Amino acid sequence: MEAERGGVVVLDFGGQYTQLIARRIREQQVFSSILPCNTSMEEMMKLEPVGVVLSGGPSSVYDAEAPKCDPKLLALGVPVLGICYGMQWITHTLGGKVERADRREYGRAQLKIDDAACAHGAGGSDLFCGVPASLRVWNSHGDHVMGLPHGFRTVGRTANAVAAVEDPARKIYAVEFHPEVNHTEQGTEILRNFLFRVCKAEKKWSGAAFIEETVEAIRQKAGPTSKVICALSGGVDSTVAAALVHRAIGDRLTNIFVNTGMLRKNEFAETLEMLRERLGLRVIGIDASDRFLARLEGVTDPEIKRKRIGAEFIAVFAEEAQRLQREEAHGEIGFLVQGTLYPDVIESISVRGPSATIKTHHNVGGLPKDMPFALIEPLRDLFKDEVRRIGRELGLPAEILVKHPFPGPGLAVRLLGEVTRPHLLTLQEADNVVVEEIRRAGLYEKVWQAFAVLLPVRSVGVMGDGRTYGLTIAVRVVQSDDAMTADWVRLPYDVLEKISTRIVNEVPGVTRVVYDISSKPPSTIEWE
């Protein structure tokens, strides 16, 4: 979708929270768009921003390769808010002093704001107006501001560092902590002050506006004749993406749902029926399970699994596109739709600034460079909860919108070690038990994800007076708002007992069930 004018631009210096800043701004019904930090001022000003936020990042401003943006930004008269690295870049660029800290600040800290800064009127700070003078904030920095540029004043400190500075005359504000994360008290109020007191932003962005603008952008991109295929899985992301594209170009969209052999139990048949009957989408079902299993034979490395699955997806789509094109009377198939979300992007490739790559994802990092289609990714800048809101605006059935996230490579990345058909059947049965019991307990819509993982570990057991040497299933249930962080769910013991008892009794070969109590970070939600 084309960025709306009159919103707030977030310049990305490589921070893992960059998209979260944009999301928090959108929650205030103010449009936000993310641009690389090295975007030219001419390009940025085409968006006519009412404000600019400079993100955090992992670098030090005094490093030779430190990311930079055009210093002219600070002389445009457009309000600027620097966050963490953004504060350090402002300080360094305008002649202040930034040095490596003797005591780094990671995690929670106590922020003390000058009493005058919290007050309304003369001497008060627009950024901290109405905010308590003492706050718990979230830090993540190893450098400190040791000297301010001319015209700046300090309005907040932690025990170890200058934490908030401003030059109201130039409309430049900066904080060392992260107001965008939930751990910071009054963080939303601070951002709201920047948006409405400093930038004078208007509340113009909404789900309905996103749908309208995205649909129009898809029409423009696809043109009047091109045919489009969609990698449809039946999950929330791809279904919302398909609904948006279908609204834009109608029956020029053909959805392709591939059975990789690594879907959940009965998912292929049930999803096909739902997509065709409930949503009225044109969907072709392809059973390619033998092909995918052959490609994964002997493979144990998770990155190779993901890349091979991604490559095979594209091969399947290319073949189906060629077949469709031979049968269609007119129109070239030139586009592939994918339900890629921002967490997929930020954990896969460095797309905006030097953000760290954590793992590849078949929707993003696994795509070949010579892919025969151009991509349409209408949800690429959204988080899961935002996608669900868009789905509700589109009128999609509730059972689709509450469906738990499922990895693109499917059960292949929940089956550690080599993927074989017998092990896939074992994992499908165990996973089905987990989901059934979570539903029966009334917890399915209250947790982010619940699933089983088959471990490459055997352990001794006793069943029917005989010694066994069976498989081990790990159960993973997490809560999250956006998949960027997650905490393990403290399931009631009776639910855990039912899950364990059923898996051991009903899934042949499994003799042990364990519960994963790792949070993200340091762990990821998926095991591979």
Side-chain angles (χ1 to χ4, degrees), residues 1-10 19-35 43-51 195-196 199-232 235-255 275 278-282 334-345 352 374-398 400-401 482:
M1 129 181 194
E2 248 181 64
E4 179 180 309
R5 286 170 170 75
V8 172
V9 168
V10 180
Q19 183 69 8
L20 191 53
I21 300 170
R23 177 184 170 199
R24 296 295 184 229
I25 294 170
R26 291 200 296 265
E27 286 173 354
Q28 302 304 316
Q29 295 179 269
V30 175
F31 182 77
S32 61
S33 54
I34 299 174
L35 297 175
E43 196 67 25
M44 188 190 77
M45 292 306 291
K46 288 179 182 178
L47 301 179
E48 301 172 12
V50 297
L195 294 174
F196 302 118
C199 300
K200 312 299 183 186
E202 297 180 25
K203 294 186 176 185
K204 298 192 296 183
W205 192 87
S206 66
F210 175 87
I211 292 170
E212 181 181 349
E213 293 173 22
T214 300
V215 166
E216 181 56 32
I218 292 168
R219 288 194 185 113
Q220 293 296 322
K221 187 168 186 176
T225 59
S226 286
K227 301 296 180 71
V228 178
I229 57 176
C230 176
L232 192 54
V236 178
D237 310 337
S238 64
T239 303
V240 172
L244 283 167
V245 177
H246 185 261
R247 181 170 290 196
I249 64 171
D251 288 341
R252 285 195 284 137
L253 169 67
T254 299
N255 298 282
L275 295 171
R278 297 286 303 278
L279 300 183
L281 296 175
R282 182 185 181 190
F335 295 92
L336 167 64
V337 179
Q338 291 194 139
T340 308
L341 304 192
Y342 186 73
D344 301 330
V345 175
R352 297 188 178 107
L375 283 178
I376 294 177
E377 296 176 300
L379 310 177
R380 187 180 177 92
D381 290 322
L382 300 185
F383 285 82
K384 179 74 72 173
D385 60 330
E386 293 177 315
V387 173
R388 287 183 170 130
R389 287 199 294 271
I390 297 299
R392 281 192 289 273
E393 293 263 4
L394 290 167
L396 298 186
I400 294 175
L401 300 179
D482 48 34

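Quick caveat: nothing in here was measured; it's all calculated off a predicted structure. Computed from heavy atoms alone, side chains included, the values below leave out hydrogens, waters and symmetry copies.
In terms of modelled atom types and a separation under 3.5 Å, the side chain of S238 and the main chain of L232 share no donor-acceptor contact. Put simply, the side chain of R219 gets close to the backbone of A248: a donor and an acceptor are under 3.5 Å apart. Under a 3.5 Å cut-off, the side chain of N255 and the backbone N or O of C230 do not form any donor-acceptor pair. Under the 3.5 Å distance criterion, the side-chain polar atoms of K384 are left unmatched by any main-chain donor or acceptor of V236.
Side-chain polar atoms of T340 and R380 form no donor-acceptor pair below 3.5 angstrom.
With rounding to the nearest 0.5 Å, the separation of OG1 in T239 from CG in L401 is 9.0 Å. Here F335 contributes atom CZ and L253 contributes atom CG; the two are 12.5 Å apart, rounded to the nearest 0.5 Å. The distance from atom NZ of K227 to atom CG of D251, rounded to the nearest 0.5 Å, is 9.5 Å. Q19 CD to I34 CD1: the interatomic distance, rounded to the nearest 0.5 Å, is 3.5 Å. One finds the CG atom of L47 at 5.0 Å from the OG atom of S33 (value rounded to the nearest 0.5 Å). Once rounded to the nearest 0.5 Å, the distance linking OG1 of T254 with CG of L281 reads 10.5 Å.
Counting only heavy atoms from C-beta outward, the side chains of V240 and L379 approach each other to under 4.5 Å. Residues L382 and R26 meet the side-chain proximity criterion, which asks for heavy atoms closer than 4.5 Å.
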Q | side chain to side chain contact (heavy atoms under 4.5 Å, CB included) evaluation trace for R252 with V228 | A | CA-CA 6 Å; R252 285 195 284 137; V228 178; 5.8 Å; no

(Q) Applying side chain to side chain contact (heavy atoms under 4.5 Å, CB included) to V10 and L35, what does each step give before you reach the verdict? (A) CA-CA 6 Å; V10 180; L35 297 175; over 6 Å; no

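Closest approach of I211 to R247, counting heavy atoms only: CG2-NH1, 3.7 Å. Of all non-hydrogen atoms in G280 and H246, the two that sit nearest each other are O-NE2, 4.5 Å. Summarising the geometry of C199 relative to V50, their closest heavy-atom pair is CB-O, 3.5 Å, with the distance given to 0.1 Å. Contact detail for L244 and P378: the closest heavy-atom pair is CD1-CB, 4.1 Å. Of all heavy-atom pairs between L336 and A231, the closest is CD1-N, 3.9 Å. Closest approach of K221 to L375, counting heavy atoms only: NZ-O, 2.7 Å.
E202 CD: 12 or fewer foreign heavy atoms inside a 6.0 Å radius. Under a cut-off of 6.0 angstrom, the local environment of CD in E212 is sparse, with at most 12 non-hydrogen atoms contributed by other residues, nucleotides or ligands.
Ion pairing of D385 with R23 is present here, as a side-chain N (NZ or NE/NH1/NH2) and a carboxylate O approach within less than 4.0 Å.
A cation-pi contact links K203 to F196, judged by a cut-off of 6.0 Å to the six-membered ring centre and 45° from its axis.
In this structure, W205 and F31 have tilted ring planes: the angle between them lies in the 30° to 60° band.
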